[in-house]
Amino acid sequence: MRQILFSLLVSIPLLACSTKEAPGHDHAKAGPKQGPAAAPAAAPHDHAASEKRPHADHNPRHGGLVTMEGDNHVEVVVGADGAVDLYVSDAVRTPIPPKDVAGTITIEPKGKEKKTLPLAPDEAKGSLSAKGPAPDKADYTWDLKVRGAPMKMTLTVPAGGTAAFADTPAHHPTGEHAHGSPHGGVVQSLGDGHVEVKLEKTGDITVWMLDAGEKPRSAKGVTASLRPVVAGAKEAELAYDEKADVLRGKVDPVQQDHLDGVLSITPAGGAAASLRFAFHLEGHGHTGHEGHGHDGHGH
């Protein structure tokens, strides 16, 4: 009997040891047995991180228009009084000090004599600056050396300066209606309606006139031209296509994924306007590939 009791006392600790978890297992943390864990929620899109990608951020910081050549950007601001300020930044829009940039700006009003002005560094503003005549649909060509790299580009600036460029930002202010994209282009307000512009990687341009509800309206009698804001780009005159009731034109094939363009347009019986469009052409390498645009930007 004494032997039997001894055997039982020895076996109980052995059974207890056999139920212990593997070393390192935390039974309290493990909790009750559950089914397969749910997939982790997708991380929200980080717009700030996206804008840190090279050439992904073309938003103006000084109320002007951002242009790009190579790995550098220039935001050009032309005031109604003729003041010119150029803000130079690198591929991710980190400002480049004015002391690292030198150059001139040539102002050529339509049908008038051009004038070339030296650009002086303004350390307080962080810009290269000059004072020219009041703008009146003139071509502004800056010829710069940015840390030794050449940068030359032309922008047609309407009367009133760069503030006259109508631009729909990526995020609409409160109260501003959002734009659709009936044909896969970029839509902006124009007068009592809208205008939609589609730019292909091939350089083909199509412009649709739309009413207040973004339904098609006739483009007959409308005159327009578009200039991509890239080095060496020419202004493309757009012709009326009666069969499709749109305006069409062509520029050189587009090499960039992100490109701004300035549309000069006069609706039939309306007033002339200049509108800035931001085209995002990632993955649009094939002719006729349909893009998708919203909030003033194509995607």
Checklist entry - Between K115 and E113, is there a side-chain N and carboxylate O pair less than 4.0 Å apart? => result no
- Task: Could you tell me whether the side chain of V251 reaches within less than 4.5 Å of the side chain of K234, counting heavy atoms only?
- Result: no
* Check whether any side-chain heavy atom of Q188 sits under 4.5 Å from a side-chain heavy atom of V197, and report yes or no. => no
Value for CG (L247) from CG (L226), rounded to nearest 0.5 Å, stands at 11.0 Å
Q.
Quick one, L65 and V262 - any side-chain contact, counting heavy atoms below 4.5 Å?
A. yes
Heavy atoms of I107 and P133 approach each other most closely as CD1-CD, 4.0 Å
| task | Report yes if some heavy atom in the side chain of L119 is under 4.5 Å from a heavy atom in the side chain of V101; otherwise report no. | result | no
(request) State, with a plain yes or no, whether a side-chain heavy atom of K145 is found less than 4.5 Å away from one of P150. (result) yes
Determine yes or no for a side-chain-to-main-chain donor-acceptor pair under 3.5 angstrom, with S274 supplying the side chain and S264 the backbone.
no
Across all chains, not counting sequence neighbours, the side chain to side chain contact (heavy atoms under 4.5 Å, CB included) partners of K250 are T202, D204
Original post:
Does V187 share a hydrophobic cluster with V246, counting links as ILVMFWY side-chain heavy atoms below 4.5 Å and allowing steps through other members?
Top reply: yes
Of all heavy-atom pairs linking P118 and T104, the shortest is CA-CG2, 4.3 Å
(request) Indicate if L128 and I105 have the same hydrophobic cluster label, given that clusters are the connected sets of ILVMFWY residues with side-chain heavy-atom separations under 4.5 angstrom. (result) yes
key: Common cluster, I96/W142, ILVMFWY with side-chain heavy-atom separation under 4.5 Å   = yes
Nearest heavy-atom approach of P98 to G126 is CG-C, 3.5 Å
Query raised in the report: Checking side-chain contact (heavy atoms from CB on, under 4.5 Å) for the pair K220/M209: CA distance, chi angles, key distance, verdict?
Result: CA-CA 9 Å; K220 189 172 183 179; M209 302 302 293; over 6 Å; no
Worksheet item: Can you find a heavy atom in the side chain of I265 that is under 4.5 Å from one in the side chain of L238?
Response: no
Quiz prompt | Evaluation steps, side-chain contact (heavy atoms from CB on, under 4.5 Å), between L210 and H183 | solution = CA-CA 11 Å; L210 308 171; H183 307 94; 4.2 Å; yes
For S129 and D122 the tightest heavy-atom approach is OG-CB, 3.9 Å
Exercise for review: Give a yes or no on whether L281 and V207 share a hydrophobic cluster (residues Ile, Leu, Val, Met, Phe, Trp, Tyr; joining criterion: side-chain heavy atoms under 4.5 Å apart).
Suggested key: yes
All heavy atoms of A164 vs all of A159, minimum pair found to be CB-O, 3.6 Å
Q) Are L117 and Y87 in one and the same hydrophobic cluster, where Ile, Leu, Val, Met, Phe, Trp and Tyr link if side-chain heavy atoms are under 4.5 Å apart? A) no
Tell me, do R276 and D260 make a side-chain contact under 4.5 Å, heavy atoms counted? yes
Any side-chain to backbone donor/acceptor pair from T67 onto V229? Under 3.5 Å, distance only. no
The side chain to side chain donor-acceptor pair (under 3.5 Å) partners of D245 (sequence neighbours excluded) come to S218, Y240
Taken in chain and number order and not counting sequence neighbours, the residues that satisfy salt bridge (charged side-chain N to carboxylate O under 4.0 Å, His left out) with K125 are D85
Of all heavy-atom pairs linking H194 and E214, the shortest is ND1-CG, 3.8 Å
- Within a strict 4.5 Å, meaning less than it, do heavy atoms of the R93 and E75 side chains meet? yes
Practice problem: Using a strict 4.0 Å threshold on nitrogen-to-oxygen distance, state whether D90 and R147 make a salt bridge. | Solution: no
Q: For V74 and M153, run side-chain contact (heavy atoms from CB on, under 4.5 Å): C-alpha distance rounded to whole Å, both residues' side-chain angles, the deciding distance at 0.1 Å, then the answer.
A: CA-CA 10 Å; V74 170; M153 197 174 300; over 6 Å; no
Check: Q256 main-chain N/O paired with K201 side-chain donor or acceptor under 3.5 Å
yes
Note to self: Assess whether a salt bridge exists between K110 and D136, defined as any Lys/Arg side-chain N lying under 4.0 Å from an Asp/Glu carboxylate O.
What the structure shows: no
